[in-house]
Protein chains: 2
Amino acid sequence: MGATQRPTIKTVAARAGVGRTTVSRVLNGSPLVSDEARAAVQAAIAELGYVPNSVARSLVTSRTDSIALVVPESESRLGSEPYFSAVIRGVSGGLAGTQIQLLLTLVRDRRELDQLTRFLTARRVDGVLLVSVHRDDPLPGLLEELGVPTVLAGRRSPAESLSHVHSDNVDGASRAVRHLVDRGRTEIATITGPLDMDVAHSRLRGWREALRDAGREADESLVAPADFTEEGGRAAMRVLLERRPGLDAVFVASDVMAAGALAELRGHGRRVPDDVAVVGFDDSIVARHTDPPLTSVRQPVEEIGRTMTELLLREIAEPGSARRNVVLPTSLVVRDST
Amino acid sequence: MGATQRPTIKTVAARAGVGRTTVSRVLNGSPLVSDEARAAVQAAIAELGYVPNSVARSLVTSRTDSIALVVPESESRLGSEPYFSAVIRGVSGGLAGTQIQLLLTLVRDRRELDQLTRFLTARRVDGVLLVSVHRDDPLPGLLEELGVPTVLAGRRSPAESLSHVHSDNVDGASRAVRHLVDRGRTEIATITGPLDMDVAHSRLRGWREALRDAGREADESLVAPADFTEEGGRAAMRVLLERRPGLDAVFVASDVMAAGALAELRGHGRRVPDDVAVVGFDDSIVARHTDPPLTSVRQPVEEIGRTMTELLLREIAEPGSARRNVVLPTSLVVRDST
DNA sequence: CCCGCGTGTGGGAGCGTTCCCATCAGGTTG
DNA sequence: CAACCTGATGGGAACGCTCCCACACGCGGG
C-alpha cells in the first residue's frame with residue numbers, strides 16, 4: 001500500500017529513453033555504451049532511486065555474490081571465541097569493497113550438517129570458508145566433491161589438497177620453547193590440543209623440535225593431550241604434575257587451556273613463574289588477564305581471516321586455478337608467567 | 001564438464017509423470033495433491049537428488065529466507081567480543097529448524113553504511129537484527145522507514161518504537177550495588193558505559209536507585225563515564241580515585257572496563273577487595289580470569305539472541321503485527337573481587 | 001437430467017535480470 | 001560506389017520457480 005512499486009530495469013530504460021540492454025550495460029560497466037546514453041541512464045537511476053534486483057541477476061548468472069563462513073559449533077563453544085570473532089573481522093575486512101555478502105553457518109549436529117549439505121548442493125553460495133578442521137571432518141571432502149571453491153583455516157593434514165591459511169604453528173611453538181630454554185628451564189612439559197587436529201600436531205612438533213635442538217629431553221611423559229577447553233587444560237596439568245613432579249615449565253597449546261593449567265598449578269601450591277613457567281598460545285584477551293598475565297604466542301588471526309577471503313575470492317574468480325596455501329608468522333608476547 | 005546438469009522442477013515433473021505445478025505443490029506442502037501423485041514426486045526427487053533452486057523461488061515470492069545480523073564495528077572491536085559471539089550463537093539457535101540463513105554485516109564506516117542501505121532497500125533480507133544501538137544511530141530509523149522487520153538488542157531510548165530485547169539492566173545494576181551495600185561498603189562509585197547508549201543510562205539508574213533505597217549518597221562525583229574499553233575503564237578509575245580517594249567500592253558497567261579498573265587500582269596500591277570492592281557486568285570470560293576473579297552481573301546473552309530471532313520471525317510472518325519488547329532477567333555471580 | 005460444487009491437475013504468464021543475436025548508422029576500404 | 005567493418009543499440013529468450021486460471025472428473029441435489 002502507499003509505497004509505489006520499486007523501479008525495475010524497465011522503468012529506468014523507459015525513463016532514460018533507451019532499451020533494457022543499455023541500462024544493463026551501464027550497470028555492469030560495459031564500454032559499449034555512448035556517453036550520452038550512459039549519462040541518461042545514470043540520471044534516470046538517480047531520479048528513480050533504482051537499485052538492481054540481485055536475486056534476478058543471480059538467477060541468470062548463477063552467481064550469488066555471497067560466501068559462507070562455516071563454523072563447527074565445538075569451535076565456537078570451546079572458549080576460542082576471541083579467535084572466532086577476530087576471524088570474522090578479518091573476513092569482513094577482506095570483503096570490504098566488494099558487493100559480496102557473508103553468511104554465517106554454525107553446524108552443531110547431524111541435522112544441521114545435512115541442511116548445510118543441501119544448501120551447498122543448491123549452490124546457494126559462491127564459496128566457503130571453513131574454520132576448525134578436524135582430521136576426519138566430512139565437510140572438506142564434500143566441498144571438494146561438489147567443486148565449491150573452498151578455503152580452510154588450518155588443514156586436515158600436512159597433505160591438505162584444499163587451499164588453506166594458517167599460522168606457523170611449528171615455529172610459534174618452537175619460539176615458545178626456546179624462550180623457556182633461554183630462561184633456564186630444564187624440564188619443559190606441554191599440553192596439546194585435540195590430536196585429531198593438525199594444529200595440535202604442529203604445535204607439538206614445534207615443542208619437540210625445539211627441545212631436540214636444545215639437546216633437551218622430549219619424553220612422552222612430558223606430553224599431555226587436552227581439548228582446548230579450560231577444564232581440559234586443568235586436568236592435563238594435574239596429570240603432568242603427577243607424572244613429572246619436577247617439571248619447571250609448560251608450553252600450553254592455547255591460552256584458555258593455559259588458564260586452566262594456571263589454576264591447577266596454584267591449587268598445588270606451585271608459584272608461577274618462580275616454580276613453573278607457563279606459555280600459552282593465541283595471545284587472546286584471556287592472556288592479558290590471567291594471574292599472572294600469560295606469556296603467549298601471538299598469531300595474526302584477523303589477517304588469517306582476511307587472507308582466506310582473498311584466496312577464496314581469487315578461486316571464485318578463476319575457477320580451476322591452482323590451490324594455494326599461506327602460512328603466516330607468529331610472534332612471542334612475553335608477560336609475567338615466564 | 002562431466003557433471004550432469006542439476007535437475008530442475010521440470011525434470012522432476014517429467015520423471016514423476018506429472019506437471020510442474022504438482023511438483024511445486026508437493027514441495028510447498030499443499031494438501032491439494034493426491035497421495036499417489038505425492039509419492040511419485042517424492043520418489044522422483046529422491047532419485048534425481050533434486051534440490052529446489054531457492055533463488056528462482058525468491059524471485060517470484062520476493063522472500064529471501066535470510067535475515068541479517070548487523071553489527072556496528074565499534075561493538076565488536078571494543079572487547080565485547082564474548083557478548084558478540086554469544087548473541088550469534090543464540091541467533092543461530094533460534095534459526096535452527098527453519099530454512100533461514102544468517103547474514104553477518106559489520107558496519108565500520110560511512111561507505112559500508114551506504115552499501116548496507118542499498119542492500120536493505122533492495123530487500124535482500126527478510127528482516128534485520130541490530131545490535132549495539134546508540135541514541136542517534138541512523139540505522140533504526142532507516143529500517144523503520146523502509147518497513148523492514150527489525151528487532152534491536154537494546155533500545156535507542158526508553159521510548160523505543162521498534163521491537164527490542166534486552167536484559168534488565170536497571171535491576172542488574174541495583175543487584176550489584178545492593179550486594180556492595182550488604183558487604184558494608186559505604187562510598188560506592190560507578191564507571192558507566194558511553195552515555196549515548198541507553199544501556200549505560202539504565203545501569204547508571206540502577207546504581208542510583210539502589211543507593212537511594214539504601215539511604216546512601218549517589219553524588220555525581222561518584223560517577224565516571226567511559227566507553228566500554230579496558231583503557232577507558234582504567235582512565236575512569238584514575239579520575240574516581242582522584243576525586244574520591246576514600247571510595248571503597250566501584251560498580252563497573254562492563255567486565256572489560258572492570259579489568260582496566262582493577263589494573264589501575266593495583267597501580268595505586270589498593271587491594272581488591274580489601275580496600276576497594278569491584279563488580280563488573282556481563283559475566284564474560286574475562287571476569288573469570290581477572291586478578292582477583294570478578295564478581296559480575298550475568299546477563300543471558302545467548303537467550304537475548306534467541307529471543308530476538310523469535311520476535312523477528314514472528315514479525316516477518318505477520319507483517320504489521322504489534323511491536324514487542326522482552327526484558328530478560330539478570331543474576332549476580334559473586335567471586336573474589338567483593 | 002442437468003447444474004453446481006469441490007478436488008486434483010496442468011499450462012501459461014510473469015518475477016527482473018543477462019546474454020545472444022539481429023539491426024543499423026557511419027566510416028573505411030578496394 | 002559496393003562491400004565491409006566497427007560501435008552502439010534493442011528485442012527475444014532464458015534462468016527456475018510460483019501463482020492464476022482453466023479444465024476434467026465425480027458426486028449430490030434440485
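This structure is a prediction, so every number in the text was calculated from the model and none was measured. Letters A, B, ... are given to chains in the order of the sequence lines, protein chains preceding strands, and every chain is numbered from 1.
Rounded to whole Å, the distance from CD1 on A:I9 to P on C:dC19 is 11 Å. Between the CG atom of A:L59 and the P atom of D:dA13 there is a distance of 18 Å, given to the nearest Å. To the nearest angstrom, P of D:dG16 lies 15 Å from CZ of A:R124. For the pair A:R38 CZ and D:dT9 C1', the computed distance is 13 Å after rounding to whole Å. At whole-Å resolution of the value, CG in B:N28 and P in D:dC20 are 13 Å apart. In this structure, the CG atom of B:N53 is 17 Å from the P atom of C:dG16, given to the nearest Å. Whole-Å rounding puts the A:L32 CG to C:dC24 P distance at 19 Å. Nucleotide D:dG16 holds its P atom 9 Å from the NZ atom of B:K10, rounded to whole Å.
Put simply, A:S24 has a side-chain N or O that comes within less than 4.0 Å of OP1 or OP2 on C:dT18. The shortest distance between the side-chain N/O atoms of B:S58 and the OP1/OP2 oxygens of D:dC17 is not below 4.0 Å. For B:T22 and C:dG10, the shortest distance from a side-chain N or O to OP1 or OP2 is below 4.0 Å. In this model, the phosphate group of C:dT9 is not approached by any side-chain N or O of B:T21 to a distance below 4.0 Å at OP1 or OP2. Taking side-chain N and O atoms only, A:S54 has no distance below 4.0 Å to OP1 or OP2 of C:dT17. Between B:R57 and the phosphate of D:dT18, there is a side-chain N or O to OP1/OP2 separation shorter than 4.0 Å. OP1 and OP2 of D:dT18 both lie 4.0 Å or more from every side-chain N or O belonging to B:T61. Taking 4.0 angstrom as the limit, B:Y50 places none of its side-chain polar atoms (N or O) nearer than this to OP1 or OP2 of D:dG16.
We find that B:R110 and B:D114 are joined by a salt bridge, their nearest charged nitrogen and carboxylate oxygen being less than 4.0 Å apart.
For the 3.5 Å distance criterion, the side chains of B:R314 and B:S321 fail to qualify, holding no donor opposite an acceptor.
In this structure, A:R118 places its CZ atom where only 12 or fewer heavy-atom neighbours from other residues, nucleotides or ligands lie under 6.0 Å away.
Residue side chain A:R20 reaches the base of D:dG12 through a donor-acceptor N/O pair under 3.5 Å, judged by distance alone.
When the options A:L129, A:V326, A:I67, A:L130 are evaluated for a side chain to side chain contact (heavy atoms under 4.5 Å, CB included) with A:M308, the one that passes is A:L129.
Residue A:R25 has its side chain nearest to D:dT9 when only D:dT9, C:dG8, D:dA13 are considered.
Nearest-nucleotide positions on DNA chain C place B:V33 closer to the 5' end than the other of B:V60 and B:V33. Looking at which nucleotide of DNA chain C each of A:T8 and B:G17 is closest to, the 5′-most match is held by B:G17.
Among the atoms of the strands shown, none is found under 4.0 Å from any heavy atom of B:V55. Using a 4.0 Å heavy-atom criterion, one finds that A:A37 contacts the sugar-phosphate atoms exclusively.
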Name each donor-acceptor pair under 3.5 Å that joins a side chain in residues 31-39 of chain A to protein atoms two or more places apart or in another chain, with its distance.
{"residue": "A:S34", "atom": "OG", "partner": "A:A37", "partner atom": "N", "Å": "3.2"}
{"residue": "A:R38", "atom": "NH2", "partner": "A:V33", "partner atom": "O", "Å": "3.2"}

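Residues A:L104 and B:S92 are not in side-chain contact: their nearest non-hydrogen atoms beyond the backbone lie 4.5 Å or more apart.
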